[in-house]
Amino acid sequence: MNIQENISLKPYNTFGIDVCANHFVSVNSIRELQEVLKLQDYPNKFILGGGSNMLLTKDIEALVLHVNLKGIEIILKTNSTVMVKANAGENWHEFVLWCIQHDFGGIENLSLIPGNVGTAPIQNIGAYGVELKDVFESCEALHIKSGTIKTFTKKDCKFDYRHSIFKNELKGQYIILNVTFKLTTKHHTIKTDYGAIGNELEKQNINKPTIKDVSNAVISIRSSKLPDPKKIGNSGSFFKNPIISKTKLTILEQNFPEIPSYNISDKLVKIPAGWLIEHVGFKGKRFDNYGVHKNQALVLVNYGNASGKDILNLSKLIQETIKRIFDINLEAEVNII
Ligand code: EPU
């Protein structure tokens, strides 16, 4: 194993923030991971996956452990379904493309989401009407303190909107090693209810879409709205879409009759944070090296050498403005470190 000193984390986070790690090691096997965790010289460890859902605001005074476990395996195939196990360090989008190539259906709507397989369950990634939980069978995770491996079922993970047990009760306690997905091999359930997908397919004159068509439609929509982290640093949606009561919505509608909302339950609705942010004038705003993306107000961007603190301060300004104008609390979706 190669423990390096004073390494810049810029290439390891999609926001492209240049902070330094005291120590850094990339681990390629579970055994190596267990050995690193036993090292007494580095009491503080910081687990890094794809770095796609974090805003780094300071240097990391710890041993940064880059989980680089690779490999995809078909573990069981029946007439209509397949269980596929992918290791945590596999790039998410490449895994989606691998599944499509094999005609395994279920995650095509989650195409082009940045990050790795191992971090996908932590925030229950979701897009265009599908969430990771819909195809999740189980995952194996390493308990950092004891070094033992535990299997988590879907129920154990307590998935919710952009949420799981790994973001809550078990935060910082486990490293996800691999994820097993239950996918379809025939009679795929094609999900095109999310407006933008239907429109995109229609534009291309496709009326009986395959999983590949859906993936291509999602790639096309995402590429037109969301900045490519390789070109402009970002972490996807910076905030969660807030959930408010219908009573509160009725009050807001008196001043903002055009406010969009989606029913969640009898009493609750979800409001697109992008609309709120656009409505108060932040969409496309640029402050020096950072700002709010011009095509999707939910995405904060680093145009060059912005610091994590710059972006954090912008996010606070947006939160305060939304609170003042709408009396709604915007919660960050990304982890602020
Ligand atoms: N909207 C605006 N202005 C904007 C952006 C959005 O008014 O600048 C309003 C519009 O009313 C639009 C609605 O918001 O119809 C929904 O917009 P969009 O379809 O772009 O979805 P979103 O709610 O902004 C969520 C996810 C995205 C995911 C899309 C598609 C969250 C926090 N974000 O965004 O996820 O790709 O739906 O399913 O739930 C991510 O998590 O990083 C991410 C990109």
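FYI, the numbering just counts along the sequence from 1. Atoms within a ligand are numbered from 1 in the order they appear, just like the ligands themselves. The structure presented is a predicted model; accordingly, all values stated were derived computationally and were not measured.
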closest protein heavy atom to atom 4 (C) of ligand 1 is Glu278 OE1, 3.5 Å
Q. With a 4.0 Å cut-off, strictly under, does atom 27 (C) of ligand 1 pick up any protein heavy atom?
A. yes
Residue, atom and distance of the protein heavy atom nearest atom 7 (O) of ligand 1 read Trp275 CA, 3.3 Å
Exercise for review: Report yes or no: does a heavy atom of Arg222 sit under 4.0 Å from some atom of ligand 1?
Suggested key: yes
of all protein heavy atoms, closest to atom 43 (C) of ligand 1 is Ser237 OG, 3.0 Å
Ranked by distance from atom 38 (O) of ligand 1, the top protein heavy atom is Tyr128 N, 2.6 Å
Check your understanding: For ligand 1, is Ala196 a contact, meaning one of its heavy atoms is under 4.0 Å away?
Key -> no
Q) Should Glu333 and Lys240 count as an ion pair when the cut-off is N to O under 4.0 Å? A) no
The protein heavy atom nearest to atom 34 (O) of ligand 1 is Leu298 CD2, 4.0 Å
For atom 24 (O) of ligand 1, the closest protein heavy atom turns out to be Gln296 NE2, 3.0 Å
* Any side-chain donor near an acceptor of the partner, Asn124 and Ser164, under 3.5 Å -> no
Counting from 1 in the order shown, the ligand 1 atoms closer than 4.0 Å to a non-hydrogen atom of Phe239 are 32 (C)
**Study point:** Within 45° cone and under 6.0 Å: Lys270 NZ/CZ vs Tyr161 ring
**Key:** yes
Note: ligand 1 atoms sitting under 4.0 Å from heavy atoms of Lys283 are 3 (N), 4 (C), 8 (O)
Nearest non-hydrogen protein atom to atom 17 (O) of ligand 1, with distance, is Lys225 NZ, 4.1 Å
Quick look: Pro260 vs ligand 1, heavy-atom contacts under 4.0 Å, and the answer is side chain
Nearest non-hydrogen contact to atom 15 (O) of ligand 1 from the set Phe282, Tyr262, Tyr161, Tyr194 belongs to Tyr262
Numbered in order shown, the ligand 1 atoms found under 4.0 Å of a heavy atom of Ala297 are 4 (C), 8 (O)
Between Thr78 and Thr81, a side-chain donor and acceptor under 3.5 Å = yes
Assess whether a salt bridge exists between Glu320 and Arg324, defined as any Lys/Arg side-chain N lying under 4.0 Å from an Asp/Glu carboxylate O. no
CD1 (Ile322) and CD1 (Ile271) are apart, to the nearest 0.5 Å, by 11.5 Å
Atoms of ligand 1 under 4.0 Å from any heavy atom of Gly236, numbered from 1 in the order shown, are 42 (O)
Under 4.0 Å from one or more heavy atoms of Glu333, ligand 1 contributes atoms 32 (C), 40 (C), 41 (O)
Those residues at least two apart in sequence (or on a different chain) that pass salt bridge (Lys or Arg N to Asp or Glu O under 4.0 Å) with Glu140 are Lys85
Side-chain donor-acceptor pair under 3.5 Å between Asn116 and Thr119, yes or no?
-> no
Within the 3.5 Å criterion, strictly below it, is a donor on Asn305 or Asn289 matched to an acceptor on the partner's side chain? no
- Task: Could you check if a side-chain atom of Asp213 sits within less than 4.5 angstrom of a side-chain atom of Leu201, using non-hydrogen atoms only?
- Result: yes
Notebook entry, point to check: Is the Phe104-Phe181 ring centre distance short of 6.0 angstrom?
Noted result: no
Looking at Asn124, Val130, Asn241, the heavy atom closest to atom 25 (C) of ligand 1 belongs to Asn241
**Request:** Answer yes or no: is there a side-chain heavy-atom contact under 4.5 Å between Tyr290 and Leu300?
**Result:** no
Atom 9 (C) of ligand 1: closest protein heavy atom, distance to 0.1 Å, is Pro272 CB, 3.8 Å
Worksheet item: Is the closest N or O pair between Arg162 and ligand 1 shorter than 3.5 Å?
Response: yes
Find out whether the Lys NZ or Arg CZ of Lys45 is both under 6.0 angstrom from the six-membered ring centre of Tyr42 and within 45° of the ring's axis. no
Q.
Regarding ligand 1, does Lys240 bring an N or O atom to under 3.5 Å of one of the ligand's N or O atoms?
A. no
